[in-house]
Amino acid sequence: MNKLRSIEHIIAPPPAHMVGDGFRVHNFFPGNGLMALDRMSPFFLLDYGSKIEFSPSDKPRGVGVHPHRGFETVTIAYHGKVAHHDSTGNSGIIGEGDVQWMTAASGILHKEYHEAQWSKIGGEFQMVQLWVNLPAKFKMSKPKYQPIRREEFGKVILPENKGVLEIIAGNFNATTGPATSFTPIEMYNARVKKGAKLHFSFPENYNTGFVIIEGSVIVNEQQAKTDHFVLFANDGTDIYVEATQDAIVLILSGEPIEEPIVPYGPFVMNSKKEIVDAYDDWNNGKFGYLED
Ligand code: MN
């Protein structure tokens, strides 16, 4: 049965903090004080880099070598370019509109910097980084890397030239996204014109939230503005969106992972013991090597 989902919170961007010297982010969760650790499971963390102007720099800004274990990092670049290198030998450039879906799983080291040529010129920078949790049975699986260019997304063209729904993961009607995930995830970008209307229906137990990247939309009769996060209650299925300006909305919905979450620093595990093991393995060089 279809039933309207209510809105639990519309969250204004919390005060920003820097990750390294290249990423100025608003942490919508888990650190906002409003949401339990598992409230958006399987999404564990959402860092949103709202639009900022970076001055030209010959030395690319960013964050140096650091480890991850137990989850996936998904980076979506809206403006600017990010270069990535990791200890499994994968590297790539996340260009404007592209997505990088990196499975840390059993452990990687990586570094994330503004792309060198982009850095020299500088300009507008806007991005999202999500941490997507993995269920216990996949936490120690092999690391994996999916660079996904915007052209590869599934595309649903809206009627009357009102924009496009880009399917990154999951599927909308018969259109499927290219990213593979370990648990069911729907991830779309709606890039729409003023007046566009969209209708989504996700299973009631799927945790669901929108990031308003640009513009302004009415969601289930409430106005949501640029840089806000809309958290939906799990009391229905259906969501109606109407753009009151040209807008970009990141749509996230996923089946919760019903397991304990023990996060510490760059690790997200199921128990304290596994956190201790992660630090031991990292200190003993089991995450490989990556030059700074
Ligand atoms: Mn990282």
Side-chain angles (χ1 to χ4, degrees), residues 16-31 37 40 42-50 52 54 59-78 80-95 98-116 118-119 125-134 138-148 168 179 181-182 185 187 211 250 252 261-269 274-275 278-279 281-283 285-292:
H17 68 274
M18 291 301 294
V19 177
D21 63 359
F23 304 98
R24 189 203 58 165
V25 301
H26 310 272
N27 178 250
F28 277 120
F29 60 83
L37 277 186
M40 270 298 287
F43 309 101
F44 172 73
L45 174 146
L46 170 54
D47 270 349
Y48 170 55
S50 60
I52 181 177
F54 278 103
K59 187 176 175 293
R61 299 177 180 93
V63 52
V65 176
H66 61 279
H68 291 300
R69 173 182 278 182
F71 61 97
E72 307 182 281
T73 62
V74 178
T75 306
I76 309 169
Y78 289 95
K81 286 184 182 179
V82 180
H84 159 94
H85 294 84
D86 72 42
S87 53
T88 71
N90 285 315
S91 65
I93 292 161
I94 313 163
D98 298 344
V99 170
Q100 179 210 60
W101 197 297
M102 190 201 70
T103 308
S106 63
I108 55 109
L109 304 174
H110 79 158
K111 54 184 180 182
E112 301 155 283
Y113 283 98
H114 296 174
E115 189 270 329
W118 186 88
S119 182
F125 194 83
Q126 186 181 26
M127 51 81 73
V128 165
Q129 188 170 84
L130 285 154
W131 290 11
V132 177
N133 202 2
L134 291 171
F138 296 122
K139 279 193 184 293
M140 293 303 281
S141 62
K142 243 180 69 185
K144 185 174 135 185
Y145 185 76
Q146 301 176 72
I148 307 167
I168 301 164
S181 58
F182 288 78
I185 285 174
M187 188 181 296
V211 186
L250 173 64
L252 304 168
I261 301 174
V262 181
Y264 198 91
F267 306 127
V268 182
M269 303 303 290
E274 289 170 348
I275 294 290
Y279 275 94
D281 289 350
W282 175 35
N283 289 328
K286 293 194 180 154
F287 285 40
Y289 175 77
L290 183 64
E291 199 169 329
D292 235 325

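Everything quoted here is computed from the prediction, not taken from an experiment. Numbering of ligands and ligand atoms starts at 1, following listing order.
- Looking at K111 and D86, no side-chain N of the basic residue comes within less than 4.0 Å of a carboxylate O on the acidic one, giving no salt bridge.
- Scanning for side chain to side chain donor-acceptor pair (under 3.5 Å) contacts around Q126 gives Y48, with sequence neighbours left out.
- A ring-centre distance under 6.0 Å is not found for Y145 and W101.
- In this structure, H114 and F54 have perpendicular ring planes: the angle between them is above 60°, well past the 30° mark.
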_Evaluation steps, side chain to side chain donor-acceptor pair (under 3.5 Å), between K144 and N90_ = CA-CA 9 Å; K144 185 174 135 185; N90 285 315; over 6 Å; no

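- For the Mn ion (ligand 1), the tally of protein N/O/S atoms lying closer than 2.8 Å stands at 4.
- Contact detail for G62 and D21: the closest heavy-atom pair is N-OD1, 2.7 Å.
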